[in-house]
Amino acid sequence: MTEKTFPEGFLWGGATAANQCEGAYREGGKGLSVADMITSGSRTSPRQFTHEIKPELSYPSHEAIDFYHHYKEDIALFGKMGFKVFRLSIAWSRIFPNGDEKQPCREGLDFYHKVFAECHANGIEPLVTLSHYEMPYHLACAYGGWTNPAAIDFFVRYATTVLQEYKDEVRYWLTFNEINILASPFGALIAGGIIPDHDGPQMDFTQKETPEKAAKRFLALHHQFIASAKTVAIAHAINPSCMVGCMIAGMAQYPLTPNPDDMIRSQEMMKMGNWLCGDVMVRGYYPQYALNAFSKMGLNLDISEDDEEILLMGTVDFYSFSYYSSACTTCDAQAAAKAGNMIMGINNPYIKRSQWGWGIDPEGLRWYLNEAYGRYEIPMMIVENGLGAQDIIEADGHIHDPYRIDYMKNHIKAIKEAIDDGVEVLGYTSWGCIDLVSASTGEMAKRYGFIYVDRNDDGTGTFKRIPKDSFEWYSKLIKSNGAEL
Ligand code: BGP
């Protein structure tokens with residue numbers, strides 16, 4: 001007999017990232033981050049990276065939803081929903097404004113003390129991401145971002161500082177958000193701090209990347225693996241009861257047809273784009289397929305014995321991931337053109353898509369949980385999931401968002417099915433539990449929250465917070481521990 005409710009102590013909650021919600025980008029001693037140099041865009045016009053801040057352009061991270069000044073109100077609302085956990089990130093550039101200082105910024109450290117105190121006052125456990133697309137800009141400019149091994153030491157200094165500072169306030173940590181985004185070209189700037197030579201589109205999907213650039217990305221990824229593993233070991237030494245996870249952009253990648261060539265292509269995409277990072281961070285060493293792929297691209301990582309030991313000593317305690325959609329892959333160019341390409345792959349004809357073209361596939365989440373758990377056999381946590389949609393304030397002053405409730409219901413049902421399949425799942429934090437800036441488009445219009453924020457893409461709005469219908473629905477779900485789906 002399977003239980004109707006989720007396992008006892010299941011961590012229900014929501015997730016945000018500093019650069020997408022805090023704003024106050026020059027307050028409290030904060031330095032510039034890479035995210036602060038990226039303009040807003042839309043579904044049809046890509047965000048632009050600029051080397052200098054240009055007053056005529058708009059940079060959404062600068063004000064975002066002003067969580068920096070609204071955190072008390074926001075966390076109280078999360079508490080009202082019954083959150084057990086709140087995933088947030090620390091902005092590295094609030095703690096080390098340039099990234100290479102010897103001493104941290106006290107005002108930055110104090111800000112997060114206040115945030116964590118507010119969480120605990122509301123019965124919420126913080127889950128903290130150390131790096132969520134927000135490397136100090138100075139490290140990107142002066143050192144070449146994560147391509148430089150010096151970034152490892154700067155990151156470890158930052159991580160050690162905050163792990164020590166908050167050891168009595170934070171138990172759950174993640175090192176790098178969606179670390180596998182560096183395995184694809186669009187992670188180079190936002191995750192790798194590899195800045196382009198010229199101002200221009202942040203992610204240009206039409207441009208082919210040179211093998212040299214690809215090799216640079218994987219070198220940057222290697223440095224992040226080392227930094228992450230060192231951080232895990234330090235975290236355990238500081239607080240043996242803390243739990244540190246990896247964080248992967250989880251993608252269900254299906255072959256478009258049962259053609260064996262498509263099967264192999266899809267398997268390869270999953271390996272290099274997805275499993276590689278979990279393989280290194282959970283098992284503590286590089287899989288052979290990755291080393292072979294690196295040598296094909298001319299990258300010699302020259303992994304020392306010390307590196308090998310660091311990777312082995314710093315394996316993670318749990319596997320966390322984001323899950324939004326699935327996509328297909330094929331070797332057949334004609335079939336691909338017919339099926340229609342989207343950013344993350346080829347459309348699956350069996351599933352619907354969101355207003356932003358992301359495939360909606362709850363079953364894919366059950367599939368992914370089973371695959372990942374079967375591979376690693378450590379606890380899983382879904383730390384991002386949700387529907388980015390346009391919300392409307394109706395004449396009655398409310399936001400009715402049955403589409404969001406529907407999306408989440410189906411995904412949470414899929415998690416329950418995976419649990420019934422035998423997967424150990426620690427918790428679920430929906431993405432953008434309060435509306436915030438979209439990472440891919442920089443828009444406010446793409447909303448994920450249970451809480452509406454009166455802030456528009458043209459910079460207007462009062463920052464007023466309004467609970468949507470989904471707020472009530474999620475509260476009930478949490479109170480019933482998943483029984484009232
Ligand atoms: C993930 C990121 C988040 C977040 C989310 C939704 O990739 O970790 O930062 O933004 O995707 O994506 P978007 O904001 O582009 O809709």
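The first residue in the sequence is number 1, and the count goes up from there. Here the structure is a predicted model, which is why all the values come from computation and not from measurement. First listed ligand is number 1; within each ligand, the first listed atom is number 1.
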Inventory of protein N or O atoms under 3.5 Å from ligand 1 N or O:
residue, atom, partner, partner atom, Å
ligand 1, 7 (O), E178, OE1, 2.6
ligand 1, 7 (O), E178, OE2, 2.9
ligand 1, 8 (O), H132, NE2, 3.3
ligand 1, 8 (O), N177, ND2, 2.9
ligand 1, 8 (O), E178, OE1, 3.3
ligand 1, 8 (O), E384, OE1, 3.2
ligand 1, 8 (O), E384, OE2, 2.8
ligand 1, 9 (O), Q20, OE1, 2.7
ligand 1, 9 (O), H132, NE2, 2.8
ligand 1, 10 (O), Q20, NE2, 2.9
ligand 1, 14 (O), S438, OG, 3.3
ligand 1, 14 (O), A439, N, 2.7
ligand 1, 15 (O), S438, OG, 3.2
ligand 1, 15 (O), S440, N, 2.8
ligand 1, 15 (O), S440, OG, 2.5
ligand 1, 16 (O), K446, NZ, 2.6
ligand 1, 16 (O), Y448, OH, 2.5

**Study point:** side chain to side chain donor-acceptor pair (under 3.5 Å) against E169, all qualifying residues, sequence neighbours excluded
**Key:** H113
Review point. Looking at E443 and R43, does any basic side-chain N land under 4.0 Å from a carboxylate oxygen?
Key: no
Check your understanding: What residues form a salt bridge (Lys or Arg N to Asp or Glu O under 4.0 Å) with R404, not counting sequence neighbours?
Key -> D391, D401
Review point. Got a sec, which pairs hit salt bridge (charged side-chain N to carboxylate O under 4.0 Å, His left out) with one end in residues 356-374, sequence neighbours left out?
Key: R366-E417, R366-D421
Review point. Is E22 paired with R94 through a side-chain N to carboxylate O contact shorter than 4.0 Å?
Key: yes
Check your understanding: Do the ring planes of Y323 and H411 sit parallel (below 30°), tilted (30 to 60°) or perpendicular (above 60°)?
Key -> tilted
